[in-house]
Amino acid sequence: MARESWASRAGFILAAVGSAIGLGNIWRFPWMTAENGGSAFLLLYLLIVLLVGVPGLLAAFVIGRRSNRNPVGAFRSLAGSRAWTALGVLCVVTAILLMSFYSVVGGWILRYFLESATGAYFADPGTHFETISYGAEAFAYQLAVLAVTALIVTAGIRRGIEATTKLMMPGVVVLLIALAVWAARQPGAAAGYEFYLGFDGAYLAENFMSVLGSAAGQALFTLSIGGGTMITYASYVDDDRSLPLDASVIAVLNLGIGVLAGLVLFPLLFSFAAGPTEGGPGALFVGMASAFASLPGGRVLGLIFFLVVLLAALTSLISMLEIPVSFLVDEFDLERKTATRGLFGLVVLTGGLNAFSPVVFTLFADHLVDLLLVLGLTGFMIYTAWVLGPDAVDEYLDGAGPVSRPLVVPWRYAIGTVFPAFLLFTFYADAAALVGLAIETELLALATLVTLGPFVLYLRRSDRDEPRHATEPAD
């Protein structure tokens with residue numbers, strides 16, 4: 001069947017930004033920031049998004065547009081190798097795992113949005129969250145969020161995903177700006193800004209490795225790279241678009257909205273709650289509920305805030321579901337409606353495990369997904385640089401402007417060596433921390449070199465052609 005494409009460049013960018021922003025910048029960001037030293041975490045996060053995230057986004061875009069396929073079909077059609085096709089399968093699995101816990105959080109947000117009208121969570125925010133966060137009621141709200149997501153994805157790229165995100169994303173930005181202006185006037189705003197923006201070099205020096213791993217995972221989580229979303233979205237992009245420009249715009253918008261969300265959250269958490277360190281995954285709900293309970297007009301403010309978060313959650317869930325849906329549509333020629341229904345049933349099962357078990361939820365949300373995203377992006381970069389090679393350069397240059405064209409050779413070799421080494425290093429550090437091992441930095445570096453070095457050398461020897469058009473002038 002004929003494949004759809006985005007109706008406009010703005011539609012693609014807003015959909016990609018919506019996928020990137022989601023709960024990563026509003027729910028997960030304050031939780032991870034609080035656990036990793038505030039401003040120390042923010043600095044590394046910003047650097048990783050700009051220095052690693054943009055080249056990584058571009059690698060995913062190149063794979064997607066070059067193939068015009070889902071992640072599995074992309075790696076199979078471009079490489080013709082079962083080994084690389086497995087990387088596409090990893091993307092589909094990662095998307096399902098992401099939805100499994102992400103939809104639980106979406107259910108929490110939907111419930112808080114509805115309960116804001118009555119102030120049901122005002123009396124004792126901490127106890128309320130503990131009561132409603134897992135179990136049958138959490139599962140029911142999760143089902144409602146998944147059902148809305150499935151309806152939007154069923155409608156297709158233009159009438160479903162693009163139309164929805166064009167409406168949602170401007171609304172999210174306008175509401176966040178209004179909330180940030182209001183939050184700046186609250187009594188604890190200065191303390192919130194100090195925690196969030198005041199650089200703490202001592203903390204960073206003492207905890208560099210743990211903060212680095214968390215910042216890398218958060219950067220990939222918020223940018224939706226490493227899991228196949230951007231490969232899938234780029235597969236619907238026309239050839240005349242500038243991929244470097246689109247990647248830069250999406251990353252900058254993601255950063256801007258992420259920082260803006262922090263300017264809302266941290267002043268309020270320091271003004272009306274016990275600060276951002278309470279509650280783990282429930283920090284947003286407990287802290288913000290405490291804030292709204294303390295304020296005149298708290299019910300209205302709660303409705304507005306949780307509406308923003310709900311819209312952000314839906315834009316991300318839509319992008320996650322589109323990965324396995326596109327896989328079934330492309331590879332098995334299923335109708336979009338049939339594919340979406342089947343995957344809805346699968347995620348109901350896997351998501352139910354997260355809705356009923358806080359242990360499973362924490363494993364997925366705090367560790368497993370980060371590791372899979374880092375591993376996935378490492379594979380994307382190596383594949384783009386050394387397997388696609390000159391074809392990746394051609395794809396980069398299609399539609400590229402005079403500023404980005406001279407950067408193609410440095411980009412290719414950076415994603416083939418430096419950035420994969422950095423990602424593998426953080427992968428080993430996080431994996432060791434997950435199993436409780438304390439490994440010296442030198443050993444982590446050695447493991448990275450032993451893993452990556454021979455593999456890149458092997459691929460490099462098979463890459464006989466140099467980039468053919470890297471120095472051509474812009475059209």
| request: Taking Thr222 for its side chain and Gln218 for its backbone only, find out whether a donor-acceptor pair lies under 3.5 Å. | output: yes
| task | Take Leu328 and Asn70 through the side chain to side chain contact (heavy atoms under 4.5 Å, CB included) test and state the conclusion after the steps. | result | CA-CA 9 Å; Leu328 293 177; Asn70 65 88; over 6 Å; no
| task | Output the distance between atom CG (Leu90) and atom CG (Leu373), rounded to the nearest 0.5 Å. | result | 9.0 Å
| Of the non-hydrogen atoms in Leu46 and Val259, which two are nearest, and what is the gap between them? | CD2-CG2, 4.2 Å
| query | Any side-chain heavy atom of Phe422 sitting closer than 4.5 Å to one from Ile48? | reply | yes
| message | Assess the residue pair Leu42 and Phe199 against the criterion (side chain to side chain contact (heavy atoms under 4.5 Å, CB included)); give the C-alpha distance rounded to whole Å, side-chain angles, the decisive distance to 0.1 Å, and a yes or no. | response | CA-CA 9 Å; Leu42 177 64; Phe199 179 64; over 6 Å; no
| Mind checking whether Tyr383 and Phe75 have parallel, tilted or perpendicular rings, split at 30° and 60°? | perpendicular
| message | Can you confirm whether Leu263 sits close enough to Tyr196 that some side-chain heavy atom of one is under 4.5 Å from a side-chain heavy atom of the other? | response | yes
| Does any N or O in the side chain of Ser214 come within less than 3.5 Å of the main-chain N or O of Val211, such that one atom is a donor and the other an acceptor? | no
| query | Where does the angle between the aromatic ring planes of Trp411 and Tyr396 fall among parallel (under 30°), tilted (30 to 60°) and perpendicular (over 60°)? | reply | tilted
| field | Met288 side chain reached by Leu269 side chain, heavy atoms, under 4.5 Å | value | yes
| said: Apply side chain to side chain contact (heavy atoms under 4.5 Å, CB included) to residues Thr350 and Val347 and explain how you reach the verdict. | reply: CA-CA 5 Å; Thr350 59; Val347 178; 4.3 Å; yes
| query | Can you find a heavy atom in the side chain of Leu58 that is under 4.5 Å from one in the side chain of Thr384? | reply | no
| request: Provide the closest heavy-atom pair for Leu314 versus Val148 in the form atom of the first, atom of the second, distance. | output: CD2-CG1, 4.1 Å
| query | Does a salt bridge link Asp391 with Arg66, judged by any charged N lying under 4.0 Å from a carboxylate O? | reply | yes
| Between Phe332 and Phe327, does the ring centroid distance fall short of 6.0 Å? | yes
| Reported OG1-to-CG distance for the pair Thr165 and Leu311, which is rounded to 0.5 angstrom | 11.5 Å
Kindly list each side-chain donor-acceptor pair under 3.5 angstrom involving residues 424-451, sequence neighbours excluded, with atom names and distances?
from	atom 1	to	atom 2	distance (Å)
Thr426	OG1	Leu423	O	2.7
Tyr428	OH	Thr451	OG1	2.6
Thr448	OG1	Leu444	O	2.9
Thr451	OG1	Ala447	O	2.8

| request: Could you tell me how the ring of Phe12 sits relative to the ring of Trp6: parallel (under 30°), tilted (30 to 60°) or perpendicular (over 60°)? | output: tilted
| request: Would you confirm whether Trp84, through its side chain, and Arg76, through its main-chain N or O, come within 3.5 Å as a donor-acceptor pair? | output: no
| query | Do Ser39 and Tyr203 get their side chains close enough for a donor-acceptor pair, meaning under 3.5 Å? | reply | no
| said: Nearest 0.5 Å, please: how far is CD1 in Ile382 from CG in Leu377? | reply: 10.0 Å
| field | Side chain to side chain, Arg241 and Arg65, heavy atoms closer than 4.5 Å | value | yes
| query | Do you know which two heavy atoms are closest between Pro71 and Gly228, and how far apart they sit? | reply | CG-O, 3.8 Å
| query | How many angstroms lie between CD1 in Ile231 and CD1 in Ile323, if you round to the nearest 0.5 Å? | reply | 8.5 Å
| Salt bridge check: are Glu322 and Arg336 linked by an N-O gap of less than 4.0 Å? | yes
| remark: Note: Leu321 and Ala150 closest approach over all heavy atoms is CD2-CA, 3.8 Å
| task | Flag the pair Ser100 / Leu353 as yes when at least one side-chain heavy-atom distance between them is below 4.5 Å, and no otherwise. | result | no
| Taking the six-membered ring where the residue is Trp, are the ring centres of Phe101 and Trp108 under 6.0 Å apart? | no
| field | Reported CD1-to-CZ distance for the pair Ile415 and Phe419, which is rounded to 0.5 angstrom | value | 9.0 Å
| query | Quick one: does Arg158's side chain have a donor or acceptor within less than 3.5 Å of a partner on Ala163's backbone? | reply | no
| query | Mind checking whether Leu265 and Phe270 have side chains closer than 4.5 Å, heavy atoms only? | reply | no
| Does the side chain of Arg341 pick up a donor-acceptor pair with the side chain of Thr154 at under 3.5 Å? | no
| field | Smallest separation among heavy atoms of Ala155 and Gly160, with atom names | value | CB-CA, 3.6 Å
| request: State, with a plain yes or no, whether a side-chain heavy atom of Glu162 is found less than 4.5 Å away from one of Tyr236. | output: no
| task | Check the side chains of Ser316 and Tyr102 for a donor-acceptor pair under 3.5 angstrom, ignoring hydrogens and angles. | result | yes
| request: Evaluate the criterion side chain to side chain contact (heavy atoms under 4.5 Å, CB included) for residue pair Val49 and Val54; output intermediate values, then yes/no. | output: CA-CA 7 Å; Val49 166; Val54 173; 5.6 Å; no
| request: Identify the two heavy atoms, one from Leu98 and one from Val369, that lie closest to each other, and give their separation to 0.1 Å. | output: CD2-CG1, 3.2 Å
| said: Looking at Asp246 and Arg9, is any side-chain nitrogen of the basic one under 4.0 Å from a carboxylate oxygen of the acidic one? | reply: yes
| query | Is there a donor-acceptor contact under 3.5 Å from the side chain of Thr338 to the main chain of Leu334? | reply | no
| field | Reported CG-to-CG distance for the pair Asp394 and Leu388, which is rounded to 0.5 angstrom | value | 10.5 Å
| said: Can a donor-acceptor pair be found, under 3.5 Å and without considering hydrogens, that links the side chain of Ser103 to the backbone of Gly106? | reply: no
